[in-house]
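Note that the coordinates shown come from a computational prediction; the quantities given were computed from them, not determined experimentally.
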Amino acid sequence: MRSRIHNKMCWSRALFTGWILLLVQLLCLEAVPISMDKTKVKETEKIPEEAPASVDTGLHYDRYLREVIDFLEKDQHFREKLHNTDMEDIKQGKLAKELDFVSHHVRTKLDELKRQEVNRLRTLIKAKQDLEGGNDIAVDHQALLKQFEYLNHMNPHTFEVDDLDRLIKSATKDLENYDKERHDEFKRYEMMKEHDRREHLKTLGEDERKKEEEHYEEMRKKHADHPKVNHPGSQNQLKEVWEEADGLDPEDFDPKTFFNLHDTNGDGFFDEQELEALFTKELEKIYDPTNEEDDMVEMEEERLRMREHVMNEVDSNKDRLVSLDEFLVATKKKEFLEPDSWETLEQNQAYTDEEMREFEEHLAQQEQDLHLKAVDLQKQRDELERQQEQLNAQKIELQQAVEHMERLKSQKVDPPPEVHVEGNAIPEMHLVDDQLHHEQEAQPQDHEPAAPQDTPQEHHEQQNQVLAQQGLPQTHQDLPPGHQEAAQGQHDLP
């Protein structure tokens, strides 16, 4: 982080030094002075040189961090304090208190940056909630913003001393944990690769498994067969870069010149990316992307190991930067002149047997949980399919009922004719008809030929006889019109 804070200041010093050297060369030139009319000479328009771009820290709030630092650098008072403050004082928050003396213009811009960052976080929270399907749930932004420790969420409008203190401490802590997270991720990668290899062997026959094991050992030996790797940060390693990358004579190796050549952003420090670039030649001895036996993920892990080793040896104040003074001091140590041999990844397995066993147990438990979840989901699917079949059957029955009603309507069936009788004779008539019907059914059926049916008049007389026996009035419905009048006359007689 300090590398980015000093960019502009160191760059301006470099420009100033360049102008001084140019002036000395002009004074030393032996030339005849020529009088010039300066009023007719147009001054060359100076194009301001841009400072080198800051390297991405990998933090999710990297842009906010860099913008805050860039605007703080524009304040002369803060820039001077930063130059004279030790890294430990910065970590303890002493530098943050200098924010009270920053100009109003810079403070106003910092307020704007903070409001933009808070809005960005709120947008991320809302987007995450939408993905999780919680559109109808009210969002408590204040509670969710607590997880972002690099700013004071209780005051989303102004950038205060507490915000700068939080930003410095969070960035320091997160950068320190960044390498550990990368190591853990690589360890999981290596264990998963070994797990997949073992699982693949289980699917092979005995002969195929033997061939696969032989091929695996052959690739391991081929990968380990490479030129000697120099100890990172040693004299031999830097001289090799000096000769092959810089094209200079190794006998003329000069540590200070080497430092200035590879301080690519000219800020007076080696940051992590500049250090890692120094190890490219060593890594090319071990890894080739065109070789089957070389894993480029392992190459990046090796690069990280080399950089961490040099930082631990050279970075005396632990600010994750190597200054020129720290570098020159390291070049005088015995480790620089007579280093031990460097052990590469194939000589240092990333995980232990116990870690591998626990990893496979964890994978087995995950697989079992997924299986149980799959069984439960299958049951739910079967139940839904059963319910769907019931709904389809009910739908078919309903359609059939509707079709039946439509057919009845299309046939236009007329209701049976009404029976006109005197008084309350309808119920009694039905009773008589039912009684006659039951009597007929109760009679034994003979195998003799059926007797001829009675005429309507005879049938009517039989009904009247039964009614007369029961003391009920007689009907004349089934008689022809003439007979009905005659029968009515008979009833009128005493």
Side-chain angles (χ1 to χ4, degrees), residues 58 178-234 236-237 240 244 276-310 312 339-379 381:
Y178 183 66
D179 288 343
K180 182 179 182 302
E181 293 175 358
R182 285 182 59 182
H183 285 306
D184 292 340
E185 183 179 354
F186 175 74
K187 182 184 294 186
R188 288 191 295 269
Y189 168 81
E190 288 289 288
M191 289 190 292
M192 179 58 74
K193 188 167 69 172
E194 176 63 18
H195 171 76
D196 292 341
R197 188 185 73 86
R198 295 178 182 180
E199 292 298 313
H200 175 65
L201 292 176
K202 294 178 182 178
T203 63
L204 303 178
E206 185 176 354
D207 294 338
E208 293 179 340
R209 188 184 304 112
K210 185 178 180 180
K211 291 180 181 180
E212 188 69 21
E213 288 283 10
E214 291 176 353
H215 178 71
Y216 174 73
E217 291 299 328
E218 180 184 353
M219 291 297 101
R220 288 187 60 183
K221 291 179 181 179
K222 187 175 180 181
H223 173 70
D225 184 17
H226 54 71
K228 178 184 177 182
V229 178
N230 292 314
H231 194 94
S234 66
N236 293 335
Q237 190 258 316
E240 195 169 287
E244 298 185 10
E276 290 180 356
L278 299 178
F279 311 134
T280 301
K281 288 295 180 182
E282 299 302 317
L283 294 171
E284 288 177 350
K285 299 176 181 178
I286 314 172
Y287 298 96
D288 185 346
T290 62
N291 292 340
E292 177 188 356
E293 67 274 9
D294 297 336
D295 189 337
M296 294 301 104
V297 177
E298 294 179 356
M299 184 186 74
E300 293 306 317
E301 175 67 12
E302 190 74 75
R303 189 192 302 273
L304 175 60
R305 292 178 66 239
M306 291 180 173
R307 187 254 294 167
E308 284 183 328
H309 173 75
V310 173
N312 292 332
D340 298 329
S341 60
W342 176 255
E343 294 184 353
T344 55
L345 274 176
E346 66 264 14
Q347 298 169 295
N348 292 272
Q349 188 169 275
Y351 53 87
T352 64
D353 294 340
E354 179 65 19
E355 288 174 332
M356 186 64 195
R357 184 185 62 79
E358 293 177 356
F359 180 76
E360 291 192 321
E361 290 178 354
H362 179 67
L363 288 180
Q365 183 63 43
Q366 283 185 330
E367 185 176 355
Q368 183 179 359
D369 294 341
L370 289 175
H371 175 71
L372 294 176
K373 187 175 182 180
V375 171
D376 183 60
L377 290 174
Q378 184 62 40
K379 290 181 180 179
R381 178 181 178 180

Inset, instruction - Report, as yes or no, whether the 6.0 Å neighbourhood of atom CD on Glu217 holds more than 12 heavy atoms from other residues, nucleotides or ligands. - result: yes
Inset, instruction - Please determine, by modelled atom types, if Thr344 and Glu346 share a side-chain donor-acceptor pair under 3.5 angstrom. - result: yes
Legend entry - Carboxylate-amine/guanidinium proximity below 4.0 Å for Lys211 and Glu214: no
Legend entry - Check ion pair Arg305-Glu302 (N to O, under 4.0 angstrom): yes
Inset, instruction - Please round to the nearest 0.5 Å and tell me the distance separating atom CD of Glu276 and atom CZ of Arg307. - result: 4.5 Å
Legend entry - Non-hydrogen side-chain atoms of Leu201 and Tyr216 separated by less than 4.5 Å: no
Inset, instruction - Look at the rings of His309 and His231 and say which category their plane angle falls in: under 30° parallel, 30 to 60° tilted, over 60° perpendicular. - result: perpendicular
Legend entry - Greater than 12 external heavy atoms within 6.0 Å of Lys222's NZ: no
Legend entry - salt bridge (Lys or Arg N to Asp or Glu O under 4.0 Å) evaluation trace for Lys285 with Glu240: CA-CA 12 Å; Lys285 299 176 181 178; Glu240 195 169 287; 3.0 Å; yes
Inset, instruction - Starting at CG of Leu304, measure out to CE of Met299 and round the result to the nearest 0.5 Å. - result: 12.5 Å
Legend entry - Qualifying residue, where the test is side-chain contact (heavy atoms from CB on, under 4.5 Å) with Lys373 and the options are Leu377, Asp376, Val375: Leu377
Legend entry - Closest approach of Phe186 to Leu345 (non-hydrogen atoms, all atoms of both residues): CZ-CD1, 4.0 Å
Inset, instruction - In plain terms, say whether Glu298 and Lys193 are close enough for a salt bridge, that is, a side-chain N and a carboxylate O under 4.0 Å apart. - result: yes
Inset, instruction - Would you give the length of the straight line joining atom OH of Tyr351 to atom CE of Met191, rounded to the nearest 0.5 angstrom? - result: 8.0 Å
Inset, instruction - Inspect the surroundings of CZ in Arg381 and state if more than 12 heavy atoms from other residues, nucleotides or ligands are less than 6.0 Å away. - result: no
Legend entry - Sidechain N-carboxylate O distance under 4.0 Å for Glu190, Lys187: no
Legend entry - Distance-only donor-acceptor check, side chains His371 and Glu367, under 3.5 Å: no
Inset, instruction - Return yes when atom CD of Glu206 has more than 12 non-hydrogen atoms of other residues, nucleotides or ligands closer than 6.0 Å, and no otherwise. - result: no
Inset, instruction - Take Glu358 and His362 through the side-chain hydrogen bond (donor to acceptor under 3.5 Å, both in side chains) test and state the conclusion after the steps. - result: CA-CA 6 Å; Glu358 293 177 356; His362 179 67; over 6 Å; no
Legend entry - Spatial distance of atom CZ (Arg209) from atom CG (Asp207) [nearest 0.5 Å]: 9.5 Å
Inset, instruction - Step by step, work out the salt bridge (Lys or Arg N to Asp or Glu O under 4.0 Å) result for Arg188 and Glu185. - result: CA-CA 5 Å; Arg188 288 191 295 269; Glu185 183 179 354; 5.4 Å; no
Legend entry - Pair Asp288-Thr290, side-chain donor/acceptor within less than 3.5 Å: yes
Inset, instruction - Enter the distance from Leu204:CG to His200:NE2 here, rounded to the nearest 0.5 Å. - result: 4.0 Å
Inset, instruction - Assess the side chains of Gln365 and Asp369: does a donor N or O sit below 3.5 Å from an acceptor N or O? - result: yes
Inset, instruction - Can you establish whether the number of heavy atoms outside His195 located under 6.0 Å from its atom NE2 is more than 12? - result: yes
Inset, instruction - Considering non-hydrogen atoms only, spot the tightest contact between Asn230 and Trp342 and give its length. - result: O-CB, 4.1 Å
Inset, instruction - Decide if atom CG of Asp353 counts as having more than 12 heavy atoms of other residues, nucleotides or ligands within a radius under 6.0 Å. - result: no
Inset, instruction - State whether the number of non-hydrogen atoms from other residues, nucleotides or ligands found under 6.0 Å of Arg220 atom CZ is greater than 12. - result: no
Legend entry - Atom NZ of Lys210: over 12 foreign heavy atoms under 6.0 Å: no
